[in-house]
Amino acid sequence: MTEHATVASFTPVTTHVGTVDRWSKTVIPTLREAPAEATTPSHQLLLRAGYIRQVAAGVYDYLPLAWRALRKISQIIREEMDAAGGSEMLMPAMAPLEIFDETGRAADYGDDLFQLTDRHGRATVLGPTHEEVITDFLRHAVTSYRQLPLVLYQIQSKFRDEPRPRAGLLRGREFIMKDAYSFHLKVEGEGGLNESYDAMYRAYSNVFTRCGLDFTAVEAEAGPIGGSASHEFMVNCETGEDTILRCPESGYAANVEKCEIGERAWSFDGGTGFQPVTLTKVHTPNMPGIEGVAQHLGTTAAGMLKTIVLEPAPGTESGGWTGCSPWYGATTRSTKASSATRSGSRPRLADEKRAKAAGFAIGYVSPLASKSVSGRCLVVVDPDAAQGSTAWATGADEADHHVTGFNWTRELGESLADQSYVKVAEIRNAVVGDPSPRAPGASLVAQRGIETGHIFKLGCKYSDAMGFHVMDESQKRQSVIMGCYGIGVSRTMAACVEMSHDEGGIIWPAAVAPYHVHIVLMKPDDAEHAALADRLATELRVAGLDVLLDDRKERPGVKFKDADLIGMPVRLTIGAKALEAGGVECKARSESGHGEVVPLDAVRDRCLAILQG
RNA sequence: CAGGGCGUAGCUCAGCUUGGUAGAGCACCUGCUUUGGGAGCAGGAUGUCGCAGGUUCGAAUCCUGUCGCCCUGACCA
């Protein structure tokens, strides 16, 4: 155990020495059964194995074992961040609401932002990320281009009042995150944003590789963080809640929200000899479900055009409504619509009241609605929906009514050619089987994942909003160009468990395991056995390994079950059986069975060999 | 936010329909036995039945409200 000096002393550390902890001196509250609220493997196992305990929805205690694993992950991150030129610092968890108003993110985050009022009535937020805080700091501290570039990072608790926390550590309301921020005067070249972005990309790959995770880096949407380019690092895992799409030919991979779709054929023209069916209005009362309506109309969801109404983000002048028409069942992306309409800001789903006031029969909107609505309205049609030879069913722009036999050419006529009125563009999410955007003939495949890292090229969004300028060489004031880079530390720990476990419990990758070696002392009362356990533990500690010594007076079965549950990579069993054979039993957690007897003087090397895998 | 479910011992849950002394298994404590995969016997301790109100002679049980937690969806670094 650690010895504590009573006077100030300093000893330079020249070699890494591990630790030895005794089970009886710490708390590892294992559970025979998983609490009912846990449904995902990592949540159940972290709870059962005594790593975490829930304090409130999405808020957890990190017990000693979890904290050790988190520190291992944090250490890996620190080493890689430092190698990429970062400096670690620590910002406060709370900050004044004002600075989030400066950038408009208080509104963007909305209810997801944890807010509180202090005794003086000041509005305060618990930080969901720290772009504002660090920008506020640096706009005062950095005034010259000579101080750039800079990369700063911290490992801190983050707070997001998620509408629905779930799956234990995978989606919490308080979680541990490494967030890094880089600051530049230019995008390209030495010291530019791209250089740091690429360095971070490599650092992230190193971090997740060292953590023993199988991951894919994918192109992603920037979301409310804002910015241009963005990549997510997804741990490949069936139980992940995110879906990514991948092109098997080109290696292109992207988040579903971002994923582009390859060329698709479309035409409003039905072709020669095509005879459109008569447009018929059908009364469809009390049919909220689209399947029911489709059935009633004698078609399927995929045979119906849906039109969702978007309104421009408040404060933008581009004005006018946008109707988006893919077929029913497809997920419409307002971000894709915004790039299709080239409206700078992201349009959002229209407020039902305002849309109704403007003349939209919400729930029964057809692409024709745009004609009768007050104000400008652009209809964006997905290529799949822009098929003239299909007899579409759609809304009748009248409550409780739909039409069948909708035909683009007949219904819209000349207007189809008017680009300011009708536009064909990709506005739906990509799905499995869609053509690849990078390799002709190839189709996209899906893969589940857990997002553990996300990097962004922010540009000047924050520096402009908050007035972070520096003088450049030519004495011109310039906005600082930023990047930001996050890793969910607590989520990464959960992802390790999610990826690596069996029925018996967790199987930690050696690099993030709370301890490397778990010594099971069968007879803690036997002085000879206990002495041997101490001797081996010390030897391993000196070799740089962390050791957990189960010295509890428990039955063997209990100890073995617990050892499997908490999942240290190597288990040493000290008991009469192996000692008679002249050694101790050594077993890798990933192997089944009893392991093998290893002579005492070979234990250290055997452990190291197992850990090096 | 919509839909669904659950709150009873540390954990898993029964009891509620049909109101009448608060239950089981595991865990915990004591003793004996046992000692290589969650032991056995005997004894013991453990509760604001989420909370508040109502109905009733009497409420874990019925009614109303409220809070918390979980799941599916919407949403989301």
Side-chain angles (χ1 to χ4, degrees), chain A residues 29-40 43-44 47-48 50 53-59 105 108-113 127-131 158-168 170-173 175-180 220-227 230-234 241-242 255-257 288-289 331 334 348-349 352 450-456 458 484-492 503-505 520-526 552-565 571 573-580 584-585 587 592-595 597:
Chain A
T30 57
L31 257 24
R32 186 184 294 229
E33 288 163 295
E37 69 260 20
T39 53
T40 43
H43 192 191
Q44 290 181 328
L47 234 26
R48 275 193 63 206
R53 234 11 61 110
Q54 179 166 320
V55 176
V59 180
R105 278 216 305 169
D108 287 349
Y109 264 105
D111 289 338
D112 281 7
L113 196 62
T129 61
H130 282 69
E131 283 81 5
K158 293 286 185 281
F159 301 84
R160 289 184 200 175
D161 198 356
E162 292 284 347
R164 182 147 94 81
R166 68 184 105 182
L170 288 177
R171 177 163 301 279
R173 294 194 300 162
F175 53 96
I176 301 172
M177 173 168 161
K178 184 287 301 181
D179 46 322
E221 280 294 338
I225 297 275
S230 167
H231 284 86
E232 284 175 347
F233 288 77
M234 310 287 294
E241 62 175 321
D242 295 302
N255 188 309
V256 273
E257 278 115 49
T331 311
S334 55
R348 48 191 72 190
L349 198 60
E352 194 167 328
I450 300 167
E451 179 194 351
T452 50
H454 202 156
I455 58 178
F456 305 81
L458 287 178
C484 78
Y485 318 90
I487 291 180
V489 179
S490 43
R491 186 185 274 184
T492 297
E503 312 86 64
V520 177
L521 186 51
M522 302 296 284
K523 289 181 193 270
D525 287 336
D526 184 312
R552 294 174 302 165
K553 293 182 178 61
E554 281 289 351
R555 299 180 59 79
V558 173
K559 293 188 161 198
F560 288 136
K561 288 286 186 194
D562 275 345
D564 286 348
L565 231 200
R571 191 186 79 194
T573 306
I574 298 181
K577 277 192 180 173
L579 280 176
E580 279 166 24
V584 295
E585 192 183 290
K587 176 178 122 35
S592 55
H594 289 255
V597 175

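Letters go in sequence order (proteins before strands), and every chain restarts at 1.
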Take atom P in B:G36 and the same atom in B:G10, then report the distance between them in whole Å.
33 Å
Tell me which nucleotide among B:A39, B:U72, B:C76 gets nearest to the side chain of A:Arg164.
B:U72
Contacts of A:Gly453 and A:Asp562 projected onto RNA chain B by closest heavy atom; the upstream (5') one is A:Asp562
P atom, B:G47 versus B:U66: distance in rounded Å?
31 Å
Just N and O in the side chain of A:Arg166: are any of them under 4.0 Å from OP1 or OP2 of B:C71?
no
Give a yes/no answer on whether the side chain of A:Arg555 brings an N or O atom under 4.0 Å of OP1 or OP2 in B:G37.
no
Choose from B:G38, B:C11, B:G73 the nucleotide whose nearest atom is closest to any side-chain atom of A:Arg48.
B:G38
Would you kindly compare A:Pro556 and A:Gly488 by the position of their nearest RNA chain B nucleotide and give the one closer to the 5′ end?
A:Pro556
Is any side-chain nitrogen or oxygen of A:Arg32 closer than 4.0 Å to OP1 or OP2 of B:C11?
no
When all nucleic acid strands are considered with a 4.0 Å heavy-atom cut-off, which category describes A:Ala36: base, sugar-phosphate, or nothing?
sugar-phosphate
Report yes if a side-chain nitrogen or oxygen of A:Gln54 is closer than 4.0 Å to either non-bridging phosphate oxygen (OP1 or OP2) of B:C70; otherwise report no.
yes
Between B:G23 and B:C16, how many Å separate the two P atoms, rounded to a whole number?
15 Å
Just how far, in rounded Å, is C1' of B:C70 from CG of A:Leu47?
13 Å
Between A:Ile574 (CD1) and B:G36 (P), how many Å, whole number?
16 Å
Hey, does A:Phe233 have a side-chain heavy atom less than 4.5 Å from the side chain of A:Thr492?
no
